[in-house]
Amino acid sequence: MLLSSVPPLPTAPASSSSSSSSSSSSSSILHFLPSSTDPPYTLLENHPSLILLSQCESIHTLKQVHGHVIKTGLHNTLFALSKLIHFCALSPSADLSYALSLFRSAPQQPNPFIFNTLIRAHSLTPSPLHSLNTFSEMIASGVQPNSHTFPSIFKSCAKSKAPREGKQLHSQVIKLGLQSDPHVHTSVIAMYAKVGELGDARKVFDKSPLRDAVSFTALVTGYVSEGRVDDARTLFDEIPRKDVVSWNAMIAGYVQSDRFEEALDCFDVMKEAGVEPDQSTMVTLLCACGHLRKLELGEWIGSWVRDHRLSSNLQLTSSLIDMYAKCGEIDKARDLFDGVEERDVIIWNTMIGGYSHLCFYEDALALFDLMLRSNVKPTDVTFLAVLPACACLGALDLGKWIHAYVDRNLKSIDNASALWTSLIDMYAKCGSIEVAEQVFRSISCRSLASWNAMTSGLAMHGHADRALRLVSEMTDEGYQPDDITFVGVLSACTQAGLVDLGQQYFNSMTQDYKISPKLQHYGCMIDLLARSGKFEEAKSLMRSMDMEPDGAIWGSLLNACKVHGDVEFGEYVAEQLFQLEPENTGAYVLLSNIYAGAGRWDDVARIRTMLNDKGMKKVPGCTSIEVDGVVHEFLVGDKFHPQSKEIHTMLDEVDKLLGEAGFVPDTSEVLYDMDEEWKEGALSHHSEKLAISFGLISTKPGTTIRIVKNLRVCRNCHLATKLISKIFNREIIARDRNRFHHFKDGFCSCNDCW
DNA sequence: ATAGGGTTAG
């Protein structure tokens with residue numbers, strides 16, 4: 001199967017000029033303009049230029065109107081200038097820099113309206129603190145701020161989390177005696193609540209007699225953002241006449257605190273109170289539906305959206321897509337996505353994230369590709385959804401492309417730490433553990449998650465010593481290890497067979513760090529003990545668990561039974577596994593291998609018959625390899641690749657050279673052993689050998705070949721790959737279901753223990 | 001002429 005190729009690395013971000021949409025039709029507006037010979041207009045409001053101004057739909061036409069305003073001398077009136085600036089700064093097609101140039105070239109002292117307009121315009125930009133500069137300029141020009149000035153400026157303080165500036169402005173409000181204006185009052189409360197000064201917000205609220213739903217709601221949101229939902233609820237219950245915004249704030253409060261059931265309960269009470277929900281209510285409810293997998297309510301909201309003719313609303317549609325994806329209804333999500341004509345970046349991110357969330361990684365990458373081809377610029381959120389797909393599929397080239405794109409194009413990243421952590425994880429899972437470490441060393445915003453990703457990456461590659469040193473470096477830097485850190489530590493010990501050390505860490509985790517072991521920790525320990533043949537200790541650890549062992553734990557025990565040839569215990573373990581996971585064919589295969597190892601061929605045949613009777617098919621072995629940004633997948637005996645002929649020619653050559661090097665396939669395995677990969681034909685047709693052969697013909701001699709396999713590597717392939725690495729002088733990095741194998745000069749980094 | 005509280009993607 002082929003995935004669409006990676007687009008070339010973009011150079012500079014495409015500077016989208018806003019005027020590109022305006023067409024030549026704009027000239028038609030001009031013949032309505034009065035010439036200078038027209039009669040004078042006494043009422044400025046009715047001047048045709050100003051009427052045209054209010055009808056302007058683009059900045060392009062506005063500039064034409066502006067030219068005419070100058071011709072007629074109207075620009076000398078502050079009224080016309082105000083209109084012009086207001087339009088430029090706040091209309092849907094705003095051009096703030098043009099508004100500012102009009103402001104700078106004003107022939108007279110600007111009026112408060114113009115200052116207020118500019119302050120508000122700045123408050124809506126990504127750098128809202130500029131509105132404080134405009135405010136200072138206003139004061140310096142001797143223009144007095146009024147009740148319209150402060151709400152926007154407090155919004156700026158709130159947006160940029162500036163409590164100091166907010167406090168100073170609050171004292172200005174009191175000096176000017178504007179504190180009893182309802183708009184100013186509410187914006188002060190909201191400002192304090194949003195910059196984390198809930199005490200001040202409460203003081204302002206308590207001191208004033210103004211207690212409408214609006215000021216109440218501002219305070220409710222403050223409690224929510226402090227995580228005090230129950231206090232918010234107490235206050236909410238006191239609101240005399242709750243309007244839709246008050247209800248929305250309360251419902252959102254529950255959602256933000258992950259209390260989704262209560263959010264839905266709150267919605268029920270809202271309906272009983274007879275308050276009509278609006279778009280915001282629905283967006284918030286959809287979030288709760290997704291988390292609770294409440295498909296039915298979600299569908300109901302979907303029909304509400306259609307009934308209210310809001311299907312073109314992108315916010316609602318992306319929330320619906322997210323809800324469907326979280327409920328596992330990916331096709332319904334995609335149908336909605338396909339129905340949207342003008343997609344914004346959020347809706348792309350939602351759909352890609354939906355695929356990634358359900359582990360449909362190929363679809364996620366295909367849609368990401370389509371997104372780039374549609375000239376939509378990806379964001380950090382896009383990459384947070386795409387990188388796990390790269391990591392899972394081993395799409396290293398695409399991952400590298402994203403890394404370069406982030407370095408070049410994303411100047412300020414909202415989720416910088418999460419993004420770097422995803423990159424570290426991607427490099428590690430794609431086999432580039434050294435690059436993963438380079439990235440880890442280069443970043444300034446390391447979080448516990450970054451340390452954890454690096455640790456488990458090293459563990460995956462069998463570098464137990466480096467993983468353990470990293471963790472001690474981490475604790476030296478003052479980070480407190482969490483349960484995930486210990487999963488990395490214990491799996492490092494497991495991969496390297498460090499039994500005593502593993503036990504020490506396990507004890508330290510519970511005793512020193514008071515972390516109660518989870519299933520994964522037990523899994524690592526039981527795997528570690530069983531592999532070393534310490535079955536009794538593994539069993540007693542299992543008995544000490546206060547939870548039921550899962551399939552993975554029984555599976556690792558069964559695997560250990562195979563390695564140590566313990567038939568009796570193996571039969572017992574297999575029985576447990578059959579009961580827990582009747583559909584797990586791997587369990588039958590393992591038991592069959594145990595019988596084969598003991599020469600009990602009748603039992604081998606019995607298991608095979610059992611599998612056939614149940615109509616069970618094993619998961620087909622599949623290996624993927626990325627060449628020039630394209631991911632190629634191979635199945636057992638695959639003949640569907642476009643270059644199949646060349647691949648099989650190479651395969652024959654490989655077999656010939658392997659034979660000359662003394663490689664003898666284990667024929668007993670072919671006859672009796674049912675290893676993880678179903679034996680359909682010759683061993684040389686195993687998917688990893690196909691992928692390696694393809695790699696040999698399509699990459700330069702001497703370069704590293706990276707492959708990803710969905711199952712564990714079988715013994716024959718492991719031996720063959722070691723020899724191939726020597727014969728062809730290639731480093732081969734193979735990821736199997738459990739870990740990495742670095743094949744080089746005839747050896748493997750796992751020391752033949754996996 | 002202008003201004004207040006609430007909402008989404010991982």
Side-chain angles (χ1 to χ4, degrees), chain A residues 44-45 50 54 78-80 82-83 85-87 89-90 111-121 123 145-155 158 178 181-191 193-194 201 205 210 212-222 224-225 232 236 239 242-253 255-256 263 277-288 290 313-323 325-326 344-354 356-357 379-388 414-415 418-419 422:
Chain A
L44 276 175
E45 288 87 341
L50 295 182
S54 64
L78 265 185
F79 187 84
S82 306
K83 277 279 186 200
I85 289 177
H86 186 253
F87 183 89
L90 293 170
N111 57 19
F113 176 83
I114 291 177
F115 277 111
N116 291 349
T117 301
L118 291 176
I119 287 170
R120 177 162 154 76
S123 79
N146 57 29
S147 62
H148 295 269
T149 316
F150 286 99
S152 310
I153 208 161
F154 282 127
K155 219 171 218 174
L178 294 171
D181 177 276
H183 292 92
V184 176
H185 174 245
T186 316
S187 62
V188 172
I189 296 172
M191 180 275 294
K194 288 199 179 110
F205 179 83
L210 292 168
D212 57 1
V214 185
S215 46
F216 258 111
T217 307
L219 199 56
V220 165
T221 325
V224 167
S225 58
F236 172 79
I239 304 180
K242 304 174 186 67
D243 60 13
V244 60
V245 180
S246 318
W247 285 100
N248 289 350
M250 198 60 239
I251 295 172
V255 167
Q256 279 161 27
D278 66 3
Q279 302 177 24
S280 297
T281 325
M282 294 314 183
V283 166
T284 313
L285 285 177
L286 282 169
C287 182
N313 179 307
L314 286 178
Q315 241 176 357
L316 277 169
T317 308
S318 35
S319 301
L320 278 168
I321 290 173
D322 183 57
M323 179 278 296
K326 285 209 171 76
D344 64 356
V345 65
I346 294 182
I347 209 161
W348 282 97
N349 288 351
T350 308
M351 193 64 228
I352 294 173
S356 230
H357 160 74
T379 67
D380 51 345
V381 179
T382 322
F383 299 137
L384 285 172
V386 175
L387 284 170
D414 292 333
N415 309 289
L419 189 54
S422 287

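Naming convention: chains lettered A, B, ... in sequence-line order (proteins, then strands); numbering from 1 in each chain.
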Quick one: which of [options] gets closest to the side chain of [X]?
{"X": "A:Lys326", "options": "B:dG10, B:dT8, B:dG5", "value": "B:dG10"}
{"X": "A:Thr217", "options": "B:dG5, B:dT8, B:dG4", "value": "B:dG5"}
{"X": "A:Ser147", "options": "B:dA3, B:dG5, B:dT2", "value": "B:dA3"}
{"X": "A:His183", "options": "B:dA3, B:dG5, B:dT7", "value": "B:dA3"}
{"X": "A:His148", "options": "B:dG10, B:dA3, B:dT7", "value": "B:dA3"}

Whole-Å distance separating the [atom1] atom of [X] from the [atom2] atom of [N]:
{"X": "A:Asn116", "N": "B:dA3", "atom1": "CG", "atom2": "C1'", "result": "8 Å"}
{"X": "A:Leu219", "N": "B:dG4", "atom1": "CG", "atom2": "P", "result": "18 Å"}
{"X": "A:Lys194", "N": "B:dG4", "atom1": "NZ", "atom2": "P", "result": "10 Å"}
{"X": "A:Phe154", "N": "B:dG5", "atom1": "CZ", "atom2": "C1'", "result": "15 Å"}
{"X": "A:Gln315", "N": "B:dT8", "atom1": "CD", "atom2": "C1'", "result": "6 Å"}
{"X": "A:Met323", "N": "B:dT7", "atom1": "CE", "atom2": "C1'", "result": "16 Å"}
{"X": "A:Asn146", "N": "B:dG4", "atom1": "CG", "atom2": "C1'", "result": "14 Å"}
{"X": "A:Ile346", "N": "B:dA9", "atom1": "CD1", "atom2": "P", "result": "10 Å"}

Using a cut-off of 4.0 Å on non-hydrogen atoms, how would the nucleic acid contact of [X] be classed: base, sugar-phosphate, or nothing?
{"X": "A:Ala252", "answer": "sugar-phosphate"}
{"X": "A:Thr221", "answer": "sugar-phosphate"}
{"X": "A:Asp322", "answer": "sugar-phosphate"}
{"X": "A:Asp380", "answer": "nothing"}
{"X": "A:Thr149", "answer": "nothing"}
{"X": "A:Ala213", "answer": "base"}
{"X": "A:Thr284", "answer": "sugar-phosphate"}

Under 4.0 Å between a side-chain N/O of [X] and OP1 or OP2 of [N], yes or no?
{"X": "A:Lys155", "N": "B:dA3", "answer": "no"}
{"X": "A:Gln279", "N": "B:dT8", "answer": "no"}
{"X": "A:Lys242", "N": "B:dG5", "answer": "no"}

Worksheet item: Which residues pass the side-chain hydrogen bond (donor to acceptor under 3.5 Å, both in side chains) test with A:Asp278, sequence neighbours left out?
Response: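 side-chain hydrogen bond (donor to acceptor under 3.5 Å, both in side chains) check on A:Asp278 returns A:Asn248, A:Thr281.
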
How far apart are the closest heavy atoms of [X] and [Y], and which atoms are they?
{"X": "A:Ser147", "Y": "A:Val184", "answer": "O-CG2, 3.5 Å"}
{"X": "A:Ala385", "Y": "A:Gly353", "answer": "CB-CA, 3.8 Å"}
{"X": "A:His357", "Y": "A:Ala325", "answer": "CD2-O, 3.8 Å"}

So does [X] reach the base of [N] with its side chain, donor to acceptor, closer than 3.5 Å?
{"X": "A:Ser246", "N": "B:dG5", "result": "yes"}
{"X": "A:Asp243", "N": "B:dG5", "result": "yes"}
{"X": "A:Asp212", "N": "B:dG5", "result": "no"}

Item to complete: Supply the atom-to-atom distance A:Leu316 CG to A:Met323 CE, rounded to the nearest 0.5 angstrom.
Response: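 Separation between the atoms: 11.0 Å.
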
Fill in: Side chain A:Asp212, main chain A:Ser215, donor-acceptor under 3.5 Å
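It does hold such a pair.
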
